[in-house]
Amino acid sequence: MQPLIFPTFHSNSRALVKQYLTPALYEELAPLKTHTGFTLDAAIQSGLKNPDSSIGIYAGDAQSYSTFSSILDPIIHAYHAVEGSIEHRPVDKTLLAPLDPDKAFILSSRVRVARNLKGFSFPCHITGQDRSRVESLVSEAIKKLPRNLLGSYRGFKGLVPSQMQDLLNRKQAFPKGDRFQDAAGINRNFPDSRGIFASLDKKFMIWVNEEDHLRIISMESSSDISGVFNRLCSGLDHLSNWLDFAFNKKYGFLTSCPTNIGTAMRAGVHIRLRKLEKKQALLKRLVNRYNLQIRGTGGEKTLVDQGIFDISNKQRLGICGTRIIENLHTGVAAIIEAEKNL
Ligand code: CIR
């Protein structure tokens, strides 16, 4: 047997995996494999190759969360700031009034959940054959959606670059993943077995085989976050009749990235804040007070552009989806009030 060599993270790295992976823990976990053959060395590739990783570790399958729990548990507790046991509760429909009926600030509202299919490796570790089976299973389930969510699935394979670019411009495709996903192995064989389902009105979408097997999205150009959430719940309910999702009692829905586990839900608005843009400290205080986060409108790790902020929930674990929507509603209402008062 080869001697174990403790991995060297970049000296500037502040990734949680670097903070929690001790030589003793590495020695304990490095020889282990999940039943699909996923290893700790594969899980930490992204953190090793990207010094600016915040987490630096991905799960290759559902079993990773138990086999490598001695490293994933502390990272999950630190990232999600949860203590003690975590309770998963079902979601209820919400009936909250639209936040900005005059469309003065909010450009759009969006809720997404990530899901992976039980019994398949997650995207950083899946084989080409299984990736294609995931695509087939999702394509079949989509056909059973209720009439108001019906639409069509478009696979990316075989598209020429100009067709792909056209779809990307119209937000009807997702690009190859970023360097974090790339180092984790998520981009292998892109764009094979990747694609997007979109309902006829484009308000309900499913990304297939991106960072997770499914990213289920409900969105519209309004501030009716409640209506957007209820549409997502309805679509998800129907899909759950045909698809079995990876779930464990301790952590809820299981995802490639440990930052998404639990509800695996991100609910947010794109909002124009011309005055608060110039009062970043106040905006940050408000966002933190309501447990929200700011991203650029291009997604994770992009910059804020032209005073348009993407404001969404920070908490995904140890909270139910309904509560996430209520918190977002209260927080964004307070932010709009502060903008008006400036
Ligand atoms: C990191 O460790 O910084 C990256 N793996 C991204 C973490 C945020 N999660 C995500 O985008 N799903």
Side-chain angles (χ1 to χ4, degrees), residues 7-21 38 40-62 64-65 68 71-82 110-116 121-126 174-188 190 194 206-217 245-246 251-268 291-304 310-318 324:
T8 315
F9 289 90
H10 195 280
S11 56
N12 291 339
S13 168
R14 300 184 63 198
L16 290 174
V17 67
K18 181 185 172 191
Q19 291 176 39
Y20 288 102
L21 190 62
F38 194 64
L40 177 68
D41 281 321
I44 63 176
Q45 280 313 305
S46 189
L48 284 170
K49 291 184 184 147
N50 294 288
D52 53 342
S53 291
S54 51
I55 308 291
I57 188 164
Y58 285 88
D61 52 22
S64 303
Y65 282 97
F68 305 117
I71 179 69
L72 284 168
D73 277 2
I75 290 177
I76 288 166
H77 279 82
Y79 179 85
H80 293 274
V82 285
R110 179 181 190 269
V111 186
R112 69 94 167 128
V113 291
R115 291 289 183 269
N116 287 289
S121 287
F122 295 172
C124 63
H125 183 56
I126 199 166
F174 53 82
K176 201 170 177 171
D178 61 21
R179 62 194 156 83
F180 300 88
Q181 294 166 336
D182 199 69
I186 291 171
N187 289 340
R188 285 170 304 125
F190 188 89
R194 274 74 164 194
I206 304 171
W207 292 10
V208 179
N209 288 320
E210 200 242 12
E211 185 176 291
D212 294 288
H213 296 151
L214 293 95
R215 287 285 176 103
I216 306 163
I217 301 159
F245 298 129
Y251 284 142
F253 292 101
L254 301 176
T255 52
S256 294
C257 183
T259 59
N260 281 323
I261 56 165
T263 56
M265 179 165 144
R266 214 166 77 77
N291 229 332
L292 302 173
Q293 65 184 173
I294 296 181
R295 293 177 170 200
T297 46
E300 172 78 8
K301 300 189 200 267
T302 61
L303 299 172
V304 170
D310 176 324
I311 297 186
S312 63
N313 59 301
K314 194 152 75 184
Q315 238 182 323
R316 286 185 254 290
L317 181 66
I324 289 177

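Atoms within a ligand are numbered from 1 in the order they appear, just like the ligands themselves. No hydrogens, no waters, no symmetry mates; every other heavy atom, side chains included, goes into these values.
Atoms of ligand 1 lying under 4.0 Å from at least one heavy atom of Asn260, given by number and element, are 12 (N). Distances below 4.0 Å separate heavy atoms of Thr259 from the following atoms of ligand 1: 8 (C), 9 (N), 10 (C), 12 (N). Of all the atoms in ligand 1, the ones that sit under 4.0 Å from a non-hydrogen atom of Tyr58 are 4 (C), 5 (N).
Looking at Asn50 against ligand 1, nothing comes within 4.0 Å, counting heavy atoms. In Ile55, the parts holding a heavy atom less than 4.0 Å from any atom of ligand 1 are both the side chain and the backbone. At a heavy-atom cutoff of 4.0 Å, ligand 1 is contacted by both the backbone and the side chain of Ser54. No part of Gln181 comes within 4.0 Å of ligand 1, judged by heavy-atom distances.
Checking each of Ile75, Ile44, Leu16 against Leu21 for a side chain to side chain contact (heavy atoms under 4.5 Å, CB included) leaves exactly one that passes, namely Ile44.
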*Test log, rule side-chain hydrogen bond (donor to acceptor under 3.5 Å, both in side chains), inputs Tyr20 and Asp73*: CA-CA 10 Å; Tyr20 288 102; Asp73 277 2; over 6 Å; no
*Thr255 and Tyr65: side-chain contact (heavy atoms from CB on, under 4.5 Å), yes or no, with the steps?*
CA-CA 10 Å; Thr255 52; Tyr65 282 97; 4.1 Å; yes
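Partners of Phe9 by ring-ring contact (aromatic ring centres under 6.0 Å, His included), not counting sequence neighbours: none found. Residues meeting the ring-ring contact (aromatic ring centres under 6.0 Å, His included) test with Phe68, sequence neighbours left out: none.
Proximity of a side-chain donor or acceptor of Arg194 to a complementary backbone N or O of Asn209 within less than 3.5 Å is detected.
Taking each of Arg295, Glu211, Arg266 in turn, the one with a heavy atom nearest to atom 12 (N) of ligand 1 proves to be Glu211.
Asp212 and Ser256 share a side-chain donor-acceptor pair at under 3.5 Å.
Within the 4.0 Å heavy-atom shell around ligand 1 one finds Gly56.
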